[in-house]
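Atoms within a ligand are numbered from 1 in the order they appear, just like the ligands themselves. Below, each value reflects all heavy atoms present in this structure, side chains not excepted, and no hydrogens, waters or symmetry copies.
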Amino acid sequence: MTETEKLKDALFRKTKTGWEGIEEGLKENIFNFCDGYIEFLNKSKTEREIIKSVKEIAQSNGFRNIREFSNLKSGDKVYYINRDKSMYLAIIGEETIENGINIIGAHADSPRLDLKPNPLYEDSGLAFLKTHYYGGIKKYQWTTIPLSIHGVIVKANGEKVEINIGEDENDPIFTITDLLPHLASEQMERKLKEGIKGEELNLLVGSIPYNGENVSEAVKLNILKILNNKYGITEVDFVSSEIELVPAFNSKTMGLDRSMVAGYGQDDKVCVYTSIKALMDIEKPRTTAVCIVSDKEEIGSMGNTGMESHVFDTFISEILNRLEINRPNLLDKIFVNSKMLSADVDAAYDPTFASAYEKNNAGYIGRGLGLNKYTGARGKSGASDANAEFVAQVRGIFEENNVKYEFAELGRIDIGGGGTIAYILANKGVDVIDCGVPVLSMHAPYEVTSKFDIYEAYKGYKAFWEN
Ligand code: MN
Ligand code: MN
């Protein structure tokens with residue numbers, strides 16, 4: 001290198017891809033780690049399924065329900081499940097919890113289509129289920145793809161039926177129809193956001209009349225008869241159900257160089273998986289390590305399974321009770337002393353849509369963990385803006401542990417924006433920064449991530465807890 005090149009190397013921010021100069025052994029580790037991730041995605045497509053999978057992983061690593069403990073000591077591993085849809089886990093640290101906790105929080109819910117309370121109807125000899133989309137989607141992306149049905153129906157007597165149709169090789173799948181281009185001249189004049197309207201997202205589920213008979217709504221009757229035989233339900237039982245339609249296709253390795261993962265729901269299951277794997281791999285942390293798997297992030301974190309609820313506070317209070325140190329205001333004091341990585345995905349720079357980003361402050365896939373000092377929209381409105389002192393601490397940990405990272409904004413100024421659960425914990429006094437994996441085609445039925453970034457997320461989360 002010339003003197004000038006040396007000076008440039010010393011003074012410039014590094015922006016190269018993590019794949020450059022990577023050792024074969026590390027590449028193999030990354031690929032193996034991502035095989036586990038792909039398996040996890042294919043097993044768990046909804047928040048209830050995620051919680052079930054995380055519970056299995058936690059139990060096989062020595063975590064137990066906090067209710068099984070009458071008191072806690074350092075090294076104990078506990079979890080708390082909130083209504084089967086969100087979950088908190090902790091490893092009690094060596095140091096007193098009064099000095100704060102280290103939290104990493106991701107969310108298990110992903111954009112999808114939910115069934116309406118009265119979904120089933122027949123029209124022109126076809127049976128359909130009405131849907132109501134959940135989270136921010138481009139509605140046109142959800143037609144003419146294979147969809148599977150996941151969820152629970154709870155009967156008035158409390159009996160719960162679990163439903164999962166479309167994942168097994170021998171299962172039927174379902175789809176939402178779209179108009180053929182030959183007859184779409186009017187539809188094609190619509191704006192893209194109205195290309196498919198909310199009330200046009202109707203799932204086709206049947207076409208045979210009951211007993212081949214010519215009575216009214218015989219196709220709907222036939223569907224209800226099938227559901228009654230299989231699950232013992234009647235039409236009214238849909239009102240007490242939570243049924244979600246998700247892509248029926250599986251997550252896969254992507255690219256000729258096998259460097260990426262394509263799959264549904266990577267926002268934010270990629271951060272759930274990497275943080276849970278990191279938590280399983282730390283032993284005896286100095287500071288109490290806490291992991292959050294939240295629900296309802298995609299619709300604003302409201303409700304008793306969302307991060308806005310106080311159930312997380314209840315979990316920490318339950319820990320304080322069992323450490324036998326609880327007293328008034330202790331919880332507030334702990335939060336003020338605590339640190340958090342809000343583990344949520346970031347928008348990856350897409351050169352095809354370059355004008356939506358600002359190149360110097362975009363997140364690029366393959367450069368490691370993506371950090372957002374702030375999110376928000378229109379002049380940082382609604383943002384939790386991380387304090388410079390805390391940002392320095394976090395990047396210090398990453399640099400010390402050779403974790404590749406980049407700082408980004410969520411797209412060009414004035415074009416849009418978004419948020420995560422960061423502000424909710426920040427409002428309690430916790431130091432929080434957004435820190436996750438960049439994603440291409442975010443919120444689409446098939447999202448893309450880089451295997452390098454997935455592995456760096458795991459490494460970064462582990463380093464944060466071990467610090
Ligand atoms: Mn997210
Ligand atoms: Mn999202």
Problem - Pair Lys191 + Glu194: basic N to acidic O under 4.0 Å - result: no
Problem - Considering only N, O or S atoms of His443, the one closest to the Mn ion (ligand 2) - result: NE2
Handout entry: Sphere of radius 2.8 Å around the Mn ion (ligand 1) - protein N, O or S atoms inside
Key = His107 NE2, Asp267 OD1, Asp344 OD1, Asp344 OD2
Handout entry: Ser86 versus Ser294, side-chain donor and acceptor atoms under 3.5 Å
Key = no
Distance-only criterion, 3.5 Å: show the donor-acceptor pairs between side-chain atoms of residues 378-385 and protein atoms not counting sequence neighbours.
residue	atom	partner	partner atom	Å
Lys380	NZ	Asp385	OD2	3.1
Asp385	OD1	Lys373	NZ	2.7

Practice task
For Glu49, enumerate each residue passing the side chain to side chain contact (heavy atoms under 4.5 Å, CB included) test, keeping only those at least two apart in sequence or located in another chain.
Solution key: Ser44, Lys45, Thr46, His150, Asn164
Please list, one pair per line, the donor and acceptor atoms closer than 3.5 Å that link side chains of residues 390-405 to other protein atoms, with sequence neighbours excluded.
residue	atom	partner	partner atom	Å
Arg395	NE	Glu399	OE2	2.9
Arg395	NE	Tyr405	OH	3.1
Arg395	NH2	Glu399	OE2	3.1
Glu399	OE2	Tyr405	OH	2.5
Asn401	ND2	Ile397	O	2.8

Problem - Salt-bridge present (Lys130, Glu199; N to O < 4.0 Å) - result: yes
